[in-house]
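Since the model is a prediction, treat every value here as computed from it, not as a measurement.
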Amino acid sequence: MQFVDEASIIVEAGKGGNGCLSFRREKYVPKGGPDGGDGGHGGSVHLIGDDALNTLIDFKYQRFYKAQNGQPGQGRQMSGRAGEDLHVKVPVGTTVIDEDTLEVIADVTEAGQVVLVAQGGRRGLGNIHFKSSTNRAPRRTTPGTEGERRNLRFEMKVMADVGLLGMPNAGKSTLIRSVSAAKPKVANYPFTTLVPNLGVVKLGQHEHFVMADVPGLIEGASEGAGLGLRFLKHLTRTRLLLHVVDVAPFDESDPVEAAQAIAHELGQFSPALAERPRWLVLNKLDLLPAEEREAVADDIVARLAWQGPVFRLSAISGEGTDALVQAVHRWLTEQRQLENEDAEAAEREGEMRRRMEDEAVARAESRLGRKRKRKPADEDDDDFDDDDYDVEVEYAP
């Protein structure tokens with residue numbers, strides 16, 4: 001299935017029905033007076049979060065959504081039927097942006113969440129409303145108003161608690177396979193991961209957290225190199241980043257330089273995301289002789305001047321993964337408890353999310369500005385853009 005995490009659509013609410021101009025005509029009832037009914041309200045367009053969806057591919061094939069118009073009023077004071085509202089399902093984790101104003105309309109973060117994106121037109125009034133003592137036969141009605149029309153942009157970000165960050169082939173996909181039920185593709189070459197993968201890490205019957213693996217970054221990603229930068233936005237909803245470092249790269253590159261390059265690209269992409277707590281995960285220790293592992297790990301930590309938590313493991317054998325999972329779960333539990341009990345901590349988290357959303361809007365504005373400069377105003381858009389990838393994606397529960 002094609003994985004698409006950005007899409008643009010047009011939504012249009014229904015027009016309100018016109019009011020009716022009518023007079024009562026019955027036998028033995030002379031001068032019956034006005035009896036024109038009102039029109040019906042136009043249908044509105046709503047978005048509804050659906051956790052069964054994990055891609056925006058449907059919006060690449062259908063880009064125009066319109067609700068029903070209201071019916072016009074009729075004689076005998078009969079009102080027109082209101083237009084039916086249109087409910088459009090979107091994946092949970094979708095941010096909705098007005099392309100014309102760059103206003104963030106909504107952030108769909110829960111299944112069943114309903115968001116109004118286009119208000120239906122108001123009904124017109126029939127001539128019965130304009131009867132008065134001085135105007136017994138009014139010939140005045142009002143038309144229904146037009147429904148709201150909007151150009152919307154959807155940006156989907158996966159909902160995860162923990163995000164994996166690192167160079168291609170650092171072992172991120174192997175790690176998520178080791179600790180969850182997710183089964184992303186794993187191979188001995190870079191850029192095996194082409195799209196984000198989600199895995200639910202279970203620690204007990206009612207204890208779990210969600211981990212996200214995104215395509216690896218390379219140096220120069222902030223200038224558009226590689227795939228990773230495009231998918232870094234999926235980490236903006238996470239609370240904790242695990243920086244996975246390959247201690248024994250097959251190309252004999254320096255793990256410290258690789259880690260520093262990732263930190264630089266992260267800061268270039270999003271200064272707010274770079275401030276998220278980040279733990280160092282030294283992976284593939286099984287590739288080193290047992291007597292060298294400790295020294296190599298200590299050297300990497302010292303050269304990075306790392307002050308945060310450090311975990312040493314082998315994702316493919318599972319060595320050290322239990323300690324990492326338990327520590328992540330404890331930290332997440334403590335953070336949620338702190339935010340529930342401390343208003344200042346909750347406000348700091350809210351401010352962090354607002355900063356990342358502001359950065360997302362700025363990136364969207366920059367992209368749209370470049371797109372408008374490239375494309376003539378009267379040129380229709382294609383069904384597919386260069387941000388579409390025809391690849392397989394699996395989301396494991």
Asks: Is it the case that the side chain of Asp161 and the backbone of Arg239 share a donor-acceptor pair, with hydrogens and angles ignored and the cut-off at 3.5 Å?
Replies: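 No; judged by distance alone, with no hydrogens or angles, the pair does not exist.
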Asks: At what distance, to the nearest 0.5 angstrom, does OG1 of Thr94 lie from CD of Glu6?
Replies: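 Rounded to the nearest 0.5 Å, the OG1-CD separation comes to 11.5 Å.
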Asks: Please name the pair of heavy atoms, one in Gly267 and one in Ala274, separated by the smallest distance, quoted to 0.1 Å.
Replies: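 Heavy-atom minimum between the residues: CA-CB, 3.9 Å.
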Asks: Please check if the side chain of Asp213 supplies one atom and the backbone of Leu164 the other of a donor-acceptor pair under 3.5 Å.
Replies: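 Side chain of Asp213 to backbone of Leu164, a donor-acceptor pair under 3.5 Å: no, none is there.
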Asks: Test of understanding: with salt bridge (charged side-chain N to carboxylate O under 4.0 Å, His left out), list the residues that count as partners of Arg355, not counting sequence neighbours.
Replies: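 Checked Arg355 against salt bridge (charged side-chain N to carboxylate O under 4.0 Å, His left out); matches are Glu275.
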Asks: Please determine if Asp35 and Arg24 form a salt bridge, counting it only when a charged side-chain N lies under 4.0 Å from a carboxylate O.
Replies: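 Salt bridge between Asp35 and Arg24, a charged N being under 4.0 Å from a carboxylate O: no.
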Asks: Measure from the side-chain N and O atoms of Asn18 to the backbone N and O of Gly144, and report whether any donor-acceptor pair falls under 3.5 Å.
Replies: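 Between the backbone of Gly144 and the side chain of Asn18 there is a qualifying donor-acceptor contact (under 3.5 Å).
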Asks: Nearest 0.5 Å please: distance from the CG atom of Asp98 over to the CG atom of Asn151.
Replies: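 Reported value, rounded in 0.5 Å steps: 7.0 Å.
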Asks: Kindly compute the distance separating CD (Glu257) from CG (Leu304), expressed to the nearest 0.5 Å.
Replies: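 The CG atom of Leu304 is 10.5 Å from CD of Glu257, to the nearest 0.5 Å.
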Asks: Can you name the closest pair of heavy atoms from Gln74 and Cys20 and give their distance?
Replies: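 Minimum heavy-atom contact is C-SG, 3.6 Å.
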Asks: Tell me the closest heavy-atom pair linking Met211 and Leu242, and the distance in Å.
Replies: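 Reported closest heavy-atom pair: CE-CD1, 4.1 Å.
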Asks: Within the side chain of Asn283, is there an N or O that forms a donor-acceptor pair under 3.5 Å with the backbone of Ala170?
Replies: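 Yes, the answer is positive, given that a donor and an acceptor are paired below the 3.5 Å cut-off.
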Asks: Given the rule in the side-chain contact (heavy atoms from CB on, under 4.5 Å) test, do Met167 and Asp246 qualify, once you have shown the distances and angles that lead to the verdict?
Replies: CA-CA 8 Å; Met167 284 283 190; Asp246 182 354; over 6 Å; no
Asks: Taking Thr145 for the side chain and Arg122 for the main chain, is one N or O donor matched with an acceptor at less than 3.5 Å?
Replies: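 Checking the backbone N and O of Arg122 against the side chain of Thr145, a donor-acceptor pair under 3.5 Å is found.
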Asks: Spell out, as yes or no, whether a donor-acceptor pair under 3.5 Å connects the side chain of Gln68 to the backbone of Glu84.
Replies: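 Checking the backbone N and O of Glu84 against the side chain of Gln68, a donor-acceptor pair under 3.5 Å is found.
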Asks: Could you measure the distance from the NE2 atom of His46 to the CG atom of Leu86? Nearest 0.5 Å is fine.
Replies: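 Those atoms lie 9.0 Å apart.
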Asks: Does anything in residues 133-144 pair up under side-chain hydrogen bond (donor to acceptor under 3.5 Å, both in side chains), and if so which pairs, sequence neighbours excluded?
Replies: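 Of all non-adjacent pairs touching residues 133-144, those that pass side-chain hydrogen bond (donor to acceptor under 3.5 Å, both in side chains) are Ser132-Thr134.
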Asks: Do the charged groups of Glu349 and Arg276 touch, with an N to O distance under 4.0 Å?
Replies: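 Looking at Arg276 together with Glu349, the answer is yes, because their closest N to O distance falls below 4.0 Å.
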Asks: Under the criterion side-chain hydrogen bond (donor to acceptor under 3.5 Å, both in side chains), I'd like the reasoning laid out for Arg150 against Thr101: C-alpha separation, chi angles, the key distance, then a yes or no.
Replies: CA-CA 10 Å; Arg150 268 179 156 173; Thr101 65; over 6 Å; no
Asks: Ignoring hydrogens, what is the shortest heavy-atom contact between Phe59 and Ala7? Give both atom names and the distance.
Replies: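 Looks like CB-CB, 3.8 Å.
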Asks: Can you tell if the side chain of Glu357 reaches within under 4.5 Å of the side chain of Arg353, non-hydrogen atoms only?
Replies: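 Side chain of Glu357 against side chain of Arg353, heavy atoms only: no contact under 4.5 Å found.
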Asks: State plainly whether one hydrophobic cluster holds both Val281 and Trp331, where clusters connect Ile, Leu, Val, Met, Phe, Trp and Tyr through side-chain heavy atoms under 4.5 angstrom apart.
Replies: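 The answer is yes; both residues are in one hydrophobic cluster.
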Asks: Are the side chains of Val328 and Val201 in touch, meaning some heavy atoms are under 4.5 Å apart?
Replies: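 No, too far: nothing below the 4.5 Å cut-off.
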Asks: Do side-chain atoms of Asp38 reach the backbone of Gly126 as a donor and acceptor pair under 3.5 angstrom?
Replies: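 Checking the backbone N and O of Gly126 against the side chain of Asp38, a donor-acceptor pair under 3.5 Å is found.
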Asks: Answer yes or no: is there a donor N or O on one side and an acceptor on the other, between the side chain of Ser79 and the main chain of Gly37, under 3.5 Å?
Replies: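 Absent.
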Asks: Without placing hydrogens or testing angles, list every side-chain donor-acceptor pair under 3.5 Å for residues 286-299, not counting sequence neighbours.
Replies:
| from | atom 1 | to | atom 2 | distance (Å) |
| --- | --- | --- | --- | --- |
| Asp286 | OD1 | Ser314 | OG | 2.8 |
| Arg293 | NE | Leu285 | O | 3.0 |
| Arg293 | NE | Leu288 | O | 3.2 |
| Glu294 | OE2 | Arg312 | NH1 | 2.8 |
| Asp298 | OD1 | Arg312 | NH1 | 3.1 |
| Asp298 | OD1 | Arg312 | NH2 | 2.9 |
| Asp299 | OD2 | Arg303 | NH1 | 3.4 |

Asks: More than 12 non-hydrogen atoms from neighbouring residues, nucleotides or ligands closer than 6.0 Å to CD on Gln337, yes or no?
Replies: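 Counting other residues, nucleotides and ligands, CD of Gln337 stays at 12 neighbours or fewer.
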Asks: Can you tell if the side chain of Val90 reaches within under 4.5 Å of the side chain of Leu53, non-hydrogen atoms only?
Replies: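 Of all side-chain heavy-atom pairs linking Leu53 with Val90, none is under 4.5 Å.
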Asks: Are Leu235 and Leu266 connected in the hydrophobic side-chain network, where two residues link if heavy atoms are under 4.5 Å apart?
Replies: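 Cluster IDs for Leu235 and Leu266 match.
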Asks: Quick one: do Glu351 and Arg354 make a salt bridge, cutoff under 4.0 Å?
Replies: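 Salt bridge present between Glu351 and Arg354.
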Asks: Has the side chain of Asn127 got a donor or acceptor atom that lies under 3.5 Å from a matching backbone atom of Gly36?
Replies: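 Yes, Asn127 side chain to Gly36 backbone: donor-acceptor pair under 3.5 Å.
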Asks: Taking atom NE2 as the centre, does His87 end up with more than 12 heavy-atom neighbours from other residues, nucleotides or ligands that are less than 6.0 angstrom away?
Replies: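 Result for NE2/His87: enclosed.
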Asks: Suppose we screen for ring pair (Phe, Tyr, Trp, His ring centres under 6.0 Å). Which residues come up paired with Phe130, at least two apart in sequence or across chains?
Replies: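 Ring pair (Phe, Tyr, Trp, His ring centres under 6.0 Å) list for Phe130, sorted by chain: empty.
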Asks: Not counting sequence neighbours, which residues clear ring pair (Phe, Tyr, Trp, His ring centres under 6.0 Å) with His329? List them please.
Replies: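 Expected list: none.
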Asks: I'd like to know if Leu280 and Val162 are part of one continuous hydrophobic network [Ile/Leu/Val/Met/Phe/Trp/Tyr, side-chain heavy atoms within less than 4.5 Å].
Replies: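 No, Val162 and Leu280 fall in different hydrophobic clusters.
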Asks: What closest approach, in Å, do Gly120 and Ser44 show between heavy atoms, and which atom pair accounts for it?
Replies: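 Taking Gly120 first and Ser44 second, the nearest heavy atoms are N-OG, 2.9 Å.
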Asks: Would you confirm whether Glu148, through its side chain, and Gln119, through its main-chain N or O, come within 3.5 Å as a donor-acceptor pair?
Replies: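 Such a contact is found between Glu148 side chain and Gln119 backbone.
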Asks: Just do the side-chain contact (heavy atoms from CB on, under 4.5 Å) check on Thr95 and Arg237 with the steps written out, would you?
Replies: CA-CA 11 Å; Thr95 300; Arg237 297 189 189 276; 3.2 Å; yes
Asks: So do Ile300 and Val256 actually touch side chain to side chain, heavy atoms under 4.5 Å?
Replies: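 Answer yes - side chains close enough.
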Asks: As a test of understanding, state which of Val117, Ile105, Val11 forms a side chain to side chain contact (heavy atoms under 4.5 Å, CB included) with Leu47.
Replies: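 It is Val117; the other options fail the test.
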Asks: Could you measure the distance from the CG atom of Asn54 to the CE atom of Met156? Nearest 0.5 Å is fine.
Replies: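 Output value for this atom pair is 6.5 Å.
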Asks: Nearest heavy-atom pair of Val179 and Thr321: which atoms, and what distance?
Replies: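 Between these two residues, the closest heavy atoms are CG1-CB, 3.9 Å.
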Asks: Let me have the donor-acceptor pairs involving side chains of residues 108-116, under 3.5 Å, with sequence neighbours excluded, atom names and distances please.
Replies:
| from | atom 1 | to | atom 2 | distance (Å) |
| --- | --- | --- | --- | --- |
| Gln113 | OE1 | Thr109 | N | 3.0 |
| Gln113 | OE1 | Glu110 | N | 3.4 |
| Gln113 | NE2 | Asp107 | O | 3.3 |

Asks: If hydrophobic clusters are built from ILVMFWY residues whose side chains come within less than 4.5 Å, do Val92 and Val214 share one?
Replies: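 Shared cluster, no.
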Asks: Please work out whether the ring planes of Trp306 and His243 are parallel, tilted or perpendicular, with thresholds of 30° and 60°.
Replies: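 Answer is perpendicular, since the angle exceeds 60°.
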Asks: Working to the nearest 0.5 Å, report the span between CD of Glu344 and CZ of Arg348.
Replies: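 Between atom CD of Glu344 and atom CZ of Arg348 there are 6.5 Å.
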Asks: Given the rule in the side-chain contact (heavy atoms from CB on, under 4.5 Å) test, do Arg336 and Leu332 qualify, once you have shown the distances and angles that lead to the verdict?
Replies: CA-CA 6 Å; Arg336 293 189 183 104; Leu332 290 172; 3.7 Å; yes
Asks: side-chain contact (heavy atoms from CB on, under 4.5 Å) for Ile262 and Val245? Distances and angles first, verdict last.
Replies: CA-CA 10 Å; Ile262 293 297; Val245 176; over 6 Å; no
Asks: Please say yes or no: joined through hydrophobic side-chain contacts below 4.5 Å, possibly via intermediate residues, are Val158 and Val210 part of one cluster?
Replies: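 Linked, Val158 and Val210 end up in one cluster.
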